[in-house]
Every structure is written in structure tokens, then in C-alpha cells.
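For reference, the structure is listed below as C-alpha cells.
Side-chain atoms are counted along with the backbone in the values below, which use heavy atoms only and exclude waters and symmetry mates. Chain letters run A, B, ... following the sequence lines, proteins first and then strands; every chain starts at 1.
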There are 2 protein chains.
Amino acid sequence: MDVQTLCLAVLAHGPASGYEIKKELEEGAYSHFFRASFGSIYPALARLAGAGLVSGREQEQAKRPDKKVYKLTAAGRRDLARRLQGPVGPDYVRSEFLLALFHADLLAPRRRRELIADRIAALKDCLARMDKDAATAPEQCRYEGIGPAFVCGYGHAILTAELDYLERNRARLEMTEASAA
Amino acid sequence: MDVQTLCLAVLAHGPASGYEIKKELEEGAYSHFFRASFGSIYPALARLAGAGLVSGREQEQAKRPDKKVYKLTAAGRRDLARRLQGPVGPDYVRSEFLLALFHADLLAPRRRRELIADRIAALKDCLARMDKDAATAPEQCRYEGIGPAFVCGYGHAILTAELDYLERNRARLEMTEASAA
DNA sequence: CATATCATGTAAGTGGTTACATGATTGT
DNA sequence: ACAATCATGTAACCACTTACATGATATG
């Protein structure tokens, strides 16, 4: 699953520029299950346009640089649907946090506490943003429909479980080596 | 966080060959938060050996190809500890499953059912294996100590939350377009 | 006065995967 | 017979990231 498919997917919810797609990926709902940088988004968009799957139109802006707003073509929407029919690969997860905690025995107690505290803060922050997003104007939301709602609920459930686990079990890990032995 | 660090991490729990490290990564506890292929493991091991962080010794085997068993040197263990002190980056997740469900409106009802059913089966399978592993001989386990136990519990909590969410909410998604509209 | 946001794009570099090469042994 | 497991390694390829190039406007 490459960045091209990802751009197609974001554009399925409405027109956007490369810059806006990036923002969507790092702040929006997609941030929980995908990522991409400018260096891959812009070339992907150019190739999609070349293949006729998206159409871009230059848009002038007052007091801001011009931007190229892309939108899905009919062919692009069909292509996305076709790509989503294909077999889904397994989730790919890479967590430096869990790698570090897996080796808690090599970590100083304060380092363990720091890791856990930071993660708890990040989880709370993320959950707060999700709750706020869900509360504000369900009509004017960029993502409507059953799919986004289902996936957001999925992400919310995972984050809640993580937070719950950490709060219940942090004491086990934060003991000093001496008391743990 | 590269494959070298990962190899160092696996070897911190005991000596292993490249082949065994790969198995550990796709079947063992690490599979939940990291991945790597032979094409990256063997060169990583060679470079670690060159840097004196691991030492390899050829081991002949009856009725099996020879293998090179690597183990951490004192310098390697120090180096791993140092690497784990560094700031941990954010988790990297890439889920084709969630990308597909995010666009449930482009999926046929039976496709949605198929995706959910497959995922539920995979989750149950994974949880069953974890429960079995946890039950059998805590003494002879490759991974002992608080770190692995904590991380396994973490993974278990996430998988359980996913399974729970899917079973509670699958009906929302599996309705036909007609009844959903 | 410096930093952040908005905005697009390219080039170099990297870190990885896939496929290939090789071959005995064990299970179906 | 055929596929899977055990076992190591290389080479070609690929997608993606980082850094660079450019520049206006807003914010602290």
C-alpha cells in the first residue's frame, strides 16, 4: 500500500492540496494508521494526475502562496475502490516505546518513569482531541459516514485500553531494581 | 531505530543465529512491535560483528546446515543500553485493514463482513497463542523478567480491546448499503 | 527579530524488501 | 513427489525520508 493509494483515499473525502493532505495525515484521523512526508506526497500526486486518477487546478490565494487543489476523477474513484478490494496485508507496527520497555532491565528507574509518564500524557492528549472532534458539529466534519466513525471508534478503543493498562500496571515497572528483585 | 538495534535487542535475551532472530521477530513477542527480513538481518549482524558488539561462532549441526550463533559482547550490551536511553520516536502504524474500513462506503457488504471476520479470527488466534505461551513454563521461557511481561500484557490488552470493539460494533458496519442509508 | 505557517517541489541518500542462489532433511 | 523447514548470504530494486531551494505573511 503506497502513498498513491493514500492520496486517493484522502481525496475521496473531498478536494485538497498536497499540503492539506499532509496535514490530514499527521493531525487527522489517518494519523492513527498511516504516515507520509511531502517528498512522497507531491510526486505521488503528480503521477496520479498523469494517470488521470486525479485532476489538479491551480488556485490563487490572497496573502498566501498559490496552491494546487486536487480532486478525484471518476476513474480515480473506481481505481481506489479496486485497490481496496485487494487482500489487506497484516498491520505493520513499529514501536520504539515498547522496544525500550521490553528491555526495562537495562533502564534506570527514572527512565522507566519518564517513558511511562510521557506515553500517558500523549495518550490523554490524543483522546482529548478525539473526544473534542467527535463533539463538534458532526455535520461540518470532513469525514462523515459509517467508515470513519467505525475506524475512529476503533482507534479510540485501542488508546483507551493502552491508557487503562498503563495506569493499572505502571507500578509494576516503576519499582526500583532493588525492590523488583 | 534500525535492524541493528533490533538484533542487539533480541540477542540481549540469549545467543541466536540470524535465522532464529527472524523467527523470533515473526512469531515471538517482538512480532507485535517490529519486523525485519533476512535481507536486512544478515548484513546487520555482519556489521555488528565488525564493530565488536556481537561475537559469532560457527556451529556444526547433524542433519542440518551449519549455523552462526551470535551473542552480545559486553560492549554490545552497553551499546544497546545507550541506544535505549535515546528519545523514543512515535509509534509507526500502517494498517491496510483500517484504511479499507475507513472507506466502507466503497466496499460491498460481503467484503466488509469478510474483512471483519478475518480480523476477528486473526485476533482470536493471536490471543490464544499468547495465553498458551503465558501458561507454559514461566521458567523455561526465553523472555523472563518484568520488561517482557509488561510488554506482553500491553499487547494482550490492545488485542483484547480490538476484539471487543469488533464484536460489539460489527453490526453497524455489516448492514447493507440500503439499510445503512 | 526570530520563528511558525502556508505552499510546492527536487535531489540525494537510506533503509529496507524481494528475489535469487544453494542444498540437505523432514513431513504430507 | 512436493512442500515446508532449516540455514546463510548477495544483488537488484524500491519507496520513502531528509535536506535543500524559495518566499510571503503572521505571530510571539
In whole angstrom, give the distance that lies between atom [atom1] of [X] and atom [atom2] of [N].
| X | N | atom1 | atom2 | value |
| --- | --- | --- | --- | --- |
| A/E58 | C/dA7 | CD | P | 13 Å |
| A/Y42 | D/dA21 | OH | P | 18 Å |
| A/F34 | D/dT17 | CZ | P | 11 Å |
| B/R47 | C/dT14 | CZ | C1' | 10 Å |
| B/K67 | D/dT5 | NZ | C1' | 13 Å |
| A/E20 | C/dC6 | CD | C1' | 10 Å |
| A/E26 | D/dT18 | CD | P | 12 Å |
| A/Y70 | C/dT8 | OH | P | 8 Å |

Nearest-neighbour nucleotide for the [X] side chain, [options] considered:
| X | options | value |
| --- | --- | --- |
| A/S40 | D/dC16, C/dT17, C/dT8 | D/dC16 |
| A/F38 | C/dT18, C/dC6, C/dT8 | C/dT8 |
| A/S37 | D/dT18, D/dG9, C/dA7 | D/dT18 |
| A/D2 | D/dC16, C/dT10, D/dT17 | D/dC16 |
| A/R94 | C/dG16, D/dT17, D/dG9 | C/dG16 |
| A/V3 | C/dA7, D/dC16, D/dA7 | D/dC16 |
| A/Y19 | C/dT8, D/dT8, D/dC16 | C/dT8 |

Next on the checklist: Please tell me whether A/F38 and A/F34 are part of a single hydrophobic cluster in this structure, the criterion being side-chain heavy atoms less than 4.5 Å apart.
Outcome noted: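 No: no chain of side-chain contacts under 4.5 Å links A/F38 to A/F34.
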
Checklist entry - Starting at the 5' end of DNA chain D and moving along, which residue's nearest nucleotide shows up first, B/K23 or B/Y92? => result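 Comparing both residues, the 5'-ward one is B/K23.
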
Item to check | Check: B/Q85 and A/L107 side chains under 4.5 Å, non-hydrogen atoms | outcome: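 Yes, at least one pair of side-chain atoms sits under 4.5 Å.
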
Next on the checklist: Run B/E20 and B/K23 through salt bridge (Lys or Arg N to Asp or Glu O under 4.0 Å) and show every step you take.
Outcome noted: CA-CA 5 Å; B/E20 286 160 351; B/K23 267 190 75 181; over 6 Å; no

Next on the checklist: Under 4.0 Å, counting only non-hydrogen atoms across every strand here, what does B/A36 touch: a base, just sugar-phosphate, or nothing?
Outcome noted: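 If one applies the 4.0 Å heavy-atom cut-off, B/A36 turns out to touch the sugar-phosphate alone, with no base involved.
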
Item to check | Under 4.0 angstrom between A/K22 side-chain N/O and C/dC6 OP1 or OP2 | outcome: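 It does not, given that no N or O in the side chain of A/K22 lies less than 4.0 Å from OP1 or OP2 of C/dC6.
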
Next on the checklist: As a quick check of understanding, evaluate salt bridge (Lys or Arg N to Asp or Glu O under 4.0 Å) for A/R119 and A/E162, giving each step before the final call.
Outcome noted: CA-CA 9 Å; A/R119 167 63 70 131; A/E162 286 187 55; 2.9 Å; yes

Checklist entry - Is the side chain of B/T73 donor-acceptor paired with the backbone N or O of B/G52 at a distance under 3.5 Å, no angle test? => result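 At least one qualifying donor-acceptor pair exists.
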
